[in-house]
Amino acid sequence: MKFLSTRNPNVQITASEAIIKGLAPDGGLYIPEEFKKIRWDDLATDDPVTFAHKLLESYFEDDFLKESLLAHCKKAFSFPLPVNELSNGQKVLELFHGPTCAFKDVGARFLSSAISKLPNANNKPRLVLVATSGDTGGAVAAAFNDYPDIRVAILYPKGKVSKRQEQQLTCWNKHILAFSVEGTFDDCQRLVKEAFLNDHWNSHWELISANSISVARLLPQMVYYALTSLNYYKKNEIFAEFIIPTGNLGNAVAAFWAKKMGMPIDKIGLALNANDSIINYTRSGVWKPQPSKVTLANAMDVGSPSNIERLFNLYPDRIDLNKISEAVSATDEDIKNTIQKVYKELNYIICPHTATAFYAQSKLKWDDPILVSTAHPAKFEKIVEPLIKKPVTIPPALQNILSLPSRKIEIEASLDRLNENLI
Ligand SMILES: *Cc1c(COP(=O)(O)O)cnc(C)c1O
């Protein structure tokens, strides 16, 4: 299977190349040239790893990673992804049972496993560079912890991540370096971009991006939508609907891709926080990215979602998108009220991101949607605990991370300072 750029279908490379390169040279995002339909019977299995392997095989045909694909699926699907049914019948797809308690563990683990197998053509040391405002960095750090030959540098804004988030960035093996940068998340992102464009950096390192545009993160995310929708169909004989907390659109695009593969998925709801550029687009057809706004659901604070080009690629006409998708935006007030309401009425504790999905359903009133829960509430205890007036039980994975010693390097927001600390 070839991968094409969203901006130019003549740019064609293999899956492995798309994983190493990240962004296409023309600035577009890589997409598979086709979404091959698979007969549902051919996917029948109770084992998520085998299921993932069957679902993803066509994307790695003729690719170097075909041989090792099963191993990557094993790494990515090493924890449960259950659908929890609440006391009112509401279904919740819980994607937070991985090592860092967020859905990003799935994609990050597939990515690290794939990269560890890819031959290093030019003998330069590999460096994974990530800017993070919270969850991405933790998932990537944890995923690469077992691969000492791959250096990882995580940049996060000093004083702007929570204590527990910082611990998830700073507690790993020596090859994972956490940089506490004087500045904002945008400064961190700027440094990463500068490094990728810098000749000196590129002559010294093989730089690898681990952000949510990576196809190695998106492809495995299709698996939980495909598997959940098939199980739902088997039981109910109707197509499943998902409502997905959305920021950079990485998680949601995977659901749209799974639908495109012919999985029994009907509508896909996009639950947004106050960063609602997508809603304006669905109404007006004009795409106008906005500056990011800070909200309680901070992993979704994205005013200009990078994966939007992939959505436009799937649905060039917004009328077609609107037929199968709706977006709802929640204010911080809505998020707080929803956390309280869901706890009080259903005795279920949710994180601020997951709250946007519950809020969206209260507006959309779909018949029987599956709400996607993207993180464990214990990661956001400073927000959740005062609202429900009780401590959130810490899951064992997080408990383990919190007990590890941590290390960080404080630097000014400059590429030279970063460079000095990497050599
Ligand atoms: C990253 C993240 C999101 C947003 O996912 P996107 O793929 O960026 O749309 C939502 N919730 C949590 C907890 C996250 O970490």
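Residue numbers start at 1 and run along the sequence shown. Just follow the structure's listing: the first ligand is 1, and inside any ligand the first atom is 1.
In terms of polar-atom proximity, defined here as any N/O pair under 3.5 Å, T374 does make such a contact with ligand 1. For ligand 1, the polar-atom distance check against G247 finds a nitrogen or oxygen pair separated by under 3.5 Å. At under 3.5 Å, not a single nitrogen or oxygen of M300, backbone or side chain, sits near a nitrogen or oxygen of ligand 1.
The contact set between ligand 1 and A375, taken as ligand atoms under 4.0 Å from a residue heavy atom, comprises 13 (C). Listed by number with element, the atoms of ligand 1 under 4.0 Å from a non-hydrogen atom of N251 are 7 (O). Close contacts between ligand 1 and T246 involve ligand atoms 9 (O) [criterion: under 4.0 Å to a heavy atom]. Taking every non-hydrogen atom of G250 and a distance limit under 4.0 Å, the qualifying atoms of ligand 1 come out as 6 (P), 7 (O), 9 (O).
The residues R417 and E182 are annotated as not salt-bridged, no charged nitrogen and carboxylate oxygen being separated by less than 4.0 angstrom. Between K66 and D63 there is no salt bridge, since no side-chain nitrogen of the basic residue lies less than 4.0 Å from a carboxylate oxygen of the acidic one. Salt-bridge check for K408 with E166: passed, with a basic side-chain N closer than 4.0 Å to an acidic carboxylate O.
N307 and N248 form no side-chain donor-acceptor contact under 3.5 Å, judged by distance and modelled atom types alone. Side chains of Y359 and N273: no donor on one and acceptor on the other come within 3.5 Å.
When non-hydrogen atoms are compared, ligand 1 lies under 4.0 Å from the side chain of D135 (C-beta onward) but not from its backbone.
Ring pair Y348/F358 is tilted by interplanar angle, where 30° to 60° counts as tilted. Between F312 and W287, the two ring planes are perpendicular [angle over 60°; tilted spans 30° to 60°].
Here the heavy atom of the protein found nearest to atom 8 (O) of ligand 1 is N248 N, 2.8 Å.
The closest donor-acceptor contact from the side chain of H175 to the backbone of Y147 lies under 3.5 Å.
Among H376, H353, K104, the residue whose heavy atom lies closest to atom 1 (C) of ligand 1 is K104.
Using a 4.0 Å heavy-atom cutoff, F96 is absent from the residues neighbouring ligand 1.
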